[in-house]
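Scroll down for the structure; my scribbles are underneath it.
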Amino acid sequence: MSKSPILQVRNISRNFGGLVALSNVTFDVPRGVVTGLIGPNGAGKSTLLNIMSGFERPVRGHVLLEGQDITAIPGYARVKLGITRSFQDVEIFPTLTVLENVLLGFQNQYGEKLWRLVFTPGAVVRQRREFIASALGILKSVGIIDDRPDELAGNLSYGQQKLLALARMLPTNAKIFMLDEPGSGLPRPIVAHMGELLQRIARDYDKSIVLCDHNMDLVLKYSQHVLVLHHGEFLAEGTPDEIRKHPDVLRVYLAKPPEGATVVPLTPRGNANA
Ligand SMILES: Nc1ncnc2c1ncn2[C@@H]1O[C@H](COP(=O)(O)OP(=O)(O)OP(=O)(O)O)[C@@H](O)[C@H]1O
Ligand SMILES: [Mg+2]
């Protein structure tokens, strides 16, 4: 990974009253790849995504986007800098159509400007046509029912709604996508489809994706780099293969051996005697 990181997280701490949700967390998010973020329930993953995307402030530490300190910049302003995130719950507008949901993601719509509507209606119509064509292309590439763009989004299956939530993020021109549990509750084929899609978005469009999910099939198969949190502390990072074999990760998280079984780390990273 020779490219400079897109995001640098430095010594981030966050408390909720007496509860330490994150403690001195430091890592880089590499550019143009899928970075997995894993950890058991309550590890601090969503809190970390909130802090990286500006929805929460840390009590200590810094977040840098392409070298610029953005710690003090609120979430709505970080969107303009190219950071977008999804939340654990599905976020779509169920009473709008599938196509309308994606169209909402396009920025700088001429139709929103009264003077354009009055003085250059042709340009408004042309832009609308272009956005519709792009939105249909996005729906097709995401694999949502290209023959049902006029279906109400609320009528889609849960899996399709999750894909639609992802499709809505694509027209935003974001550089970095932070996804909180996009795979939760999805059937296996849709999880695989989601994973391939995320890889394709990162590779073909040079986007950086932070993929936080409990679904190990999704994270370890489709991430190029994986970060592990445990009880608010940064536990490990590495390639999926390194994480699968990491003794600390095996100990606290991945290894749930049958009773009486002994976990033997294959090739411990960093410390051969661990
Ligand atoms: N707004 C809040 N107020 C109080 N405590 C909070 C708040 N948000 C998170 N916490 C606590 O901080 C810790 C980390 O929570 P967080 O939601 O970041 O974990 P997570 O890794 O995303 O968990 P999960 O896998 O269950 O989504 C937990 O102990 C949680 O209860
Ligand atoms: Mg969470």
Side-chain angles (χ1 to χ4, degrees), residues 7-29 34-63 70-72 74-76 78 83-92 158-159 161-163 165-166 168-169 176-188 190-191 194-195 198 208-223 225-238 240 243-244 246 248-256:
L7 203 76
Q8 293 161 288
V9 169
R10 294 290 175 267
N11 309 105
I12 289 289
S13 296
R14 176 77 164 107
N15 299 355
F16 294 105
L19 187 140
V20 180
L22 292 171
S23 172
N24 206 28
V25 171
T26 291
F27 61 87
D28 289 347
V29 177
V34 179
T35 297
L37 174 61
I38 59 173
N41 287 115
K45 305 179 299 294
S46 295
T47 305
L48 186 57
L49 289 189
N50 284 342
I51 288 172
M52 291 195 291
S53 54
F55 285 85
E56 275 182 42
R57 293 286 286 274
V59 287
R60 261 187 309 282
H62 297 271
V63 178
I70 57 167
T71 318
Y76 68 85
R78 287 190 206 189
I83 295 180
T84 185
R85 75 157 290 182
S86 73
F87 291 85
Q88 282 187 220
D89 297 327
V90 173
E91 301 155 295
I92 54 159
Y158 183 70
Q161 289 187 9
K162 284 253 178 182
L163 290 174
L166 180 63
R168 292 189 53 229
M169 298 171 84
I176 175 162
F177 294 76
M178 301 182 187
L179 307 173
D180 203 354
E181 306 207 15
S184 71
L186 293 186
R188 205 177 265 258
I190 301 211
V191 167
M194 172 81 78
L198 294 177
S208 310
I209 296 177
V210 179
L211 168 60
C212 169
D213 212 285
H214 283 290
N215 187 323
M216 289 297 134
D217 287 345
L218 177 65
V219 175
L220 294 181
K221 186 160 180 199
Y222 297 101
S223 304
H225 191 69
V226 181
L227 313 166
V228 189
L229 285 180
H230 181 53
H231 287 322
E233 298 197 348
F234 192 76
L235 184 74
E237 70 178 313
I243 292 302
R244 276 192 196 96
H246 197 294
D248 292 337
V249 178
L250 286 171
R251 207 159 21 240
V252 304
Y253 186 51
L254 289 176
K256 289 191 180 120

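Index from 1, following the sequence. Counting starts at 1 for both ligands and their atoms, in listed order. Everything quoted here is computed from the prediction, not taken from an experiment.
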Check: OG1 of Thr71 to CE of Met52: how many Å apart, nearest 0.5 Å?
Finding: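 Going from OG1 on Thr71 over to CE on Met52, the span is 12.5 Å.
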
Item checked: 4.0 Å heavy-atom contact, Glu181 with ligand 1 ->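 Contact check Glu181 vs ligand 1: positive.
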
Check: Do any of the N, O or S atoms of Ser46 sit under 2.8 Å from the Mg ion (ligand 2)?
Finding: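 Here the distance criterion (N, O or S atom, under 2.8 Å) is met by Ser46, so yes.
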
Item checked: Contacting atoms of ligand 1, where contact means under 4.0 angstrom from a heavy atom of His214 ->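 Near His214, meaning under 4.0 Å from one of its heavy atoms, ligand 1 has 24 (P), 25 (O).
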
Notebook entry, point to check: Atoms of ligand 1 less than 4.0 Å from Thr47 heavy atoms?
Noted result: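 Per the distance check, 9 (C), 14 (C), 15 (O), 16 (P), 18 (O).
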
Notebook entry, point to check: Of the choices Ser184, Gly232, Gly44, which has the non-hydrogen atom that lies closest to atom 19 (O) of ligand 1?
Noted result: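 Heavy atom nearest to atom 19 (O) of ligand 1 belongs to Gly44.
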
Checklist line | Closest approach of Lys162 to Pro182 (non-hydrogen atoms, all atoms of both residues) | finding: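 Looks like CD-O, 3.0 Å.
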
Notebook entry, point to check: Considering all heavy atoms of both residues, which atom of Gly44 and which atom of Leu22 are nearest to each other, and what is their separation?
Noted result: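 Gly44 and Leu22 have their closest heavy atoms at O-CD2, 3.6 Å.
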
Note to self: If we set the cut-off at 4.0 Å for heavy atoms, which region of Leu19 has an atom near ligand 1: side chain, backbone, both, or neither?
What the structure shows: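 Side chain only.
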
Notebook entry, point to check: Do any N/O atoms on Gly42 end up under 3.5 angstrom from N/O atoms on ligand 1?
Noted result: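 Checking ligand 1 against Gly42, an N or O pair does fall under 3.5 Å apart.
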
Check: Any nitrogen or oxygen of Ala43, main chain or side chain, under 3.5 Å from a nitrogen or oxygen of ligand 1?
Finding: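 Indeed, backbone or side chain, Ala43 has an N or O that close.
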
Next item on the list: Check side chain to side chain contact (heavy atoms under 4.5 Å, CB included) between Ile190 and all other residues, then give those that pass, not counting sequence neighbours.
Entry: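 Testing Ile190 for side chain to side chain contact (heavy atoms under 4.5 Å, CB included), a comparison that skips the adjacent residues, returns Leu163, Leu186, Pro187.
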
Next item on the list: Give a yes or no on this: more than 12 heavy atoms of other residues, nucleotides or ligands lie within 6.0 Å of atom CZ of Phe16.
Entry: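 Yes.
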
Check: Where do Asp180 and Arg85 land on the salt bridge (charged side-chain N to carboxylate O under 4.0 Å, His left out) test, with the steps shown first?
Finding: CA-CA 8 Å; Asp180 203 354; Arg85 75 157 290 182; 3.3 Å; yes

